[in-house]
J.: 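What follows is a single structure, and I will ask about it in a moment.
Both counts, for ligands and for their atoms, begin at 1 and track the order of listing. Since this is a predicted model, take the numbers as computed values, not measurements.
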Amino acid sequence: MQFAVTCGDPLKQPGRAIIIGCFEQDLAAPFVAEFDRALRGCLGSLSGEGEFTGKLNKTALIHTLGRVAPDRLLLVGLGKKGELTRDRMRQAAGTAIKAMRGAGIKSFSSVLHLAAGGGKEWLQAEVEGHMLGGYAFDRYKTAVDSPVEVADVTLLLTDDASRGATEGCVAETQIVCSAVLLARELVDQPGNVATPAFLAEKAVEVSGKYGIDCRVMERDEMERTGMEALLAVAKGSSQPPRFIILEYRGGGAKERPIVFVGKGITFDSGGISLKPREGMEKMKNDMAGAAAVMGAVTAAARLRLPVNLVGLIPSAENLPGGRAYKPGDLIKVMAGKTVEIVNTDAEGRLVLCDALHYAQRYRPAALIDIATLTGACVVALGNFASGLMGNDDGLAKALKKAGETSGERVWELPLWDEYGELMKSDIADLKNAGGPTAGTISAAWFLKQFAGKSRWAHLDIAGTAWEEKGRPYLPKGATGVGVRLLVEYLRGVVQGK
Ligand code: BES
Ligand code: MN
Ligand code: ZN
């Protein structure tokens, strides 16, 4: 999707269509009244008849029959005027792109952002809605009638003075959104394609393009490094594990890096503690944390953010093969602690514990892991927020703020010492799974034991990485959650410098 920014009168903008944002029961939004007059009251009567009243995410496509320059108007509802938020703007833009596709229109212009009075944040939200709402994972559909790809969007401005700044904002937003799409692509890929080796190849490929250093550890090196937890999880599968290290240096030479860790289980069958068959196919999304880290590091590098950044991705497949690790097994993880395996389906915390320990050698300024870690998090928060836990209030606060700005919201759960009771083992330092209560917190408590003295936060994206029904800018399937959140967090760090 290409974006152009030009200055001009929307009534005189030729082309197949233009998007106009409308508020509920309100003809006073910019240009609505002008178009209504030029179209001899057409918009007013649509609203009068209740066909289109400006309700959020409702649309109407009108042929203008030569009365104004654009051939069609796509009216998009923004809801009540006083209730407009950035997220509603994203939704409206996502809805609009689908309507355009449905009508077979590949190129159009838009004044949607102007309904909110212009401003960079609205423009950004519009571009996000278009790019994220327009995504479809259809590379494996061989049928000919593939949906129309929207190719060109012209964003109209009323004054030329802001054009340069606007173009910059659009270009940056495009970078971030294409990183989200990269993450979605990886997650949507079937498990027999997106193996640990495939993730590593992708990481090498993208890194090469954008000046990121990438190093991939294979099994023998993991053995030498002592990553017993990652190796244990990988044992049941014939797919060899990988440990991917991404390094981007945009900050000072001596500056401590921010380290992101992403869970990269390319398929989680549960292992010997096999999951029920219902919905197991969705467990190909168990590398969504890894995808988010790849996306965020890529975006940071392309934006040339002045930070040092490391991305660590422990990747394996969790299967119940003949060599698989078993309930009752004992492993000595890289940090030297002993862990009793009571459930092979609690594999995420295992691969993460080695990665968090490995991260300590960077002396991180902040350490953030992101993982589809617990079904309990889906129970607690549903699909509308990721779980947040950690050991540093400042870091948690920064992530909450980034969550509000990006629309990828997070909600903090407590991580009191008492929860450690759940993870006590009779024979080892820890066991890998607590009981049925507080599953999200006990998992985070386990991770905390490996975060050392780092300022650390954990994001549980089990409920937010996958969209079941499809929302305006989150089509069915992978959401790419975490990329915009982490990039926004980094922007906050840069601003605070
Ligand atoms: N990958 C799953 C968590 C998950 C569940 C992600 C649903 C997305 C949707 C994780 O590895 C897992 O199996 N967790 C177990 C932990 C339990 C055994 C302590 C769970 O949540 O049941
Ligand atoms: Mn599992
Ligand atoms: Zn898992």
J.: Could R491 and Y489 be counted as a cation-pi pair, given that NZ or CZ must be under 6.0 Å from the ring centre and within 45° of the axis?
T.: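 That pair does not qualify as a cation-pi contact.
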J.: At their closest point, which heavy atom of L123 faces which heavy atom of C169, and how far apart are they?
T.: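 Heavy atoms only, the tightest pair is CD2-SG, 4.2 Å.
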J.: Side chains of Y135 and D188: do they bring a donor and an acceptor to under 3.5 Å?
T.: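 Note: Y135 and D188 side chains meet the donor-acceptor criterion.
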J.: Quick test of your reading of the model: are R139 and E185 salt-bridged, counting only N-O distances below 4.0 Å?
T.: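 Salt bridge present between R139 and E185.
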J.: Is a salt bridge present between D392 and R455, judged by a nitrogen-to-oxygen distance below 4.0 Å?
T.: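 Salt bridge present between D392 and R455.
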J.: Just to verify, what does E408 make a salt bridge (Lys or Arg N to Asp or Glu O under 4.0 Å) with, not counting sequence neighbours?
T.: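 With sequence neighbours excluded, E408 shows a salt bridge (Lys or Arg N to Asp or Glu O under 4.0 Å) to R484, given in chain and number order.
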J.: Distance-only, no hydrogens or angles: does the T195 side chain make a donor-acceptor pair with backbone N or O of G191 under 3.5 Å?
T.: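 Pair absent, no side-chain N/O of T195 close to backbone of G191.
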J.: Are any of the side-chain nitrogens in E223 or R219 under 4.0 Å away from the carboxylate oxygens of its partner?
T.: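 The answer is no: the pair does not qualify as a salt bridge.
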J.: Relative to the ring of F3, is the ring of H130 parallel (under 30°), tilted (30 to 60°) or perpendicular (over 60°)?
T.: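 Geometry flag for F3 against H130: parallel rings.
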J.: Ignoring waters, how many N, O or S atoms from the protein are under 2.8 Å from the Zn ion (ligand 3)?
T.: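 Near the Zn ion (ligand 3), the number of protein N, O or S atoms below 2.8 Å is 4.
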J.: List ligand 1's nitrogen or oxygen atoms that come under 3.5 Å of a protein nitrogen or oxygen, with the partner atom and distance.
T.:
{"unit_1": "ligand 1", "atom_1": "1 (N)", "unit_2": "K263", "atom_2": "NZ", "d": "3.3"}
{"unit_1": "ligand 1", "atom_1": "1 (N)", "unit_2": "D268", "atom_2": "OD2", "d": "3.2"}
{"unit_1": "ligand 1", "atom_1": "1 (N)", "unit_2": "D286", "atom_2": "OD1", "d": "2.9"}
{"unit_1": "ligand 1", "atom_1": "1 (N)", "unit_2": "D286", "atom_2": "OD2", "d": "3.0"}
{"unit_1": "ligand 1", "atom_1": "1 (N)", "unit_2": "T372", "atom_2": "O", "d": "3.3"}
{"unit_1": "ligand 1", "atom_1": "11 (O)", "unit_2": "K263", "atom_2": "NZ", "d": "3.2"}
{"unit_1": "ligand 1", "atom_1": "11 (O)", "unit_2": "D268", "atom_2": "OD2", "d": "2.9"}
{"unit_1": "ligand 1", "atom_1": "11 (O)", "unit_2": "D345", "atom_2": "O", "d": "3.2"}
{"unit_1": "ligand 1", "atom_1": "11 (O)", "unit_2": "E347", "atom_2": "OE1", "d": "2.9"}
{"unit_1": "ligand 1", "atom_1": "11 (O)", "unit_2": "E347", "atom_2": "OE2", "d": "2.9"}
{"unit_1": "ligand 1", "atom_1": "13 (O)", "unit_2": "K275", "atom_2": "NZ", "d": "2.8"}
{"unit_1": "ligand 1", "atom_1": "13 (O)", "unit_2": "D345", "atom_2": "O", "d": "3.0"}
{"unit_1": "ligand 1", "atom_1": "13 (O)", "unit_2": "D345", "atom_2": "OD1", "d": "2.7"}
{"unit_1": "ligand 1", "atom_1": "13 (O)", "unit_2": "D345", "atom_2": "OD2", "d": "3.2"}
{"unit_1": "ligand 1", "atom_1": "14 (N)", "unit_2": "L373", "atom_2": "O", "d": "3.4"}
{"unit_1": "ligand 1", "atom_1": "21 (O)", "unit_2": "G375", "atom_2": "N", "d": "2.6"}

J.: Considering the options T464, D268, D286, D460, which one meets the side-chain hydrogen bond (donor to acceptor under 3.5 Å, both in side chains) requirement together with T372?
T.: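 It is D286, the one option of T464, D268, D286, D460 that forms the side-chain hydrogen bond (donor to acceptor under 3.5 Å, both in side chains) with T372.
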J.: Under a 4.0 Å N-O cut-off, is there an ion pair linking E404 with R409?
T.: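 Looking at E404 and R409, the cut-off is not met.
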J.: If you draw a sphere of radius 2.8 Å around the Mn ion (ligand 2), how many protein N/O/S atoms end up strictly inside it?
T.: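 Total protein N/O/S atoms under 2.8 Å from the Mn ion (ligand 2): 4.
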J.: Is it true that D138 and K141 have a side-chain N and a carboxylate O under 4.0 angstrom from each other?
T.: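 Looking at D138 and K141, the cut-off is not met.
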J.: Salt bridge between E121 and R86, side-chain N to carboxylate O under 4.0 Å?
T.: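 No.
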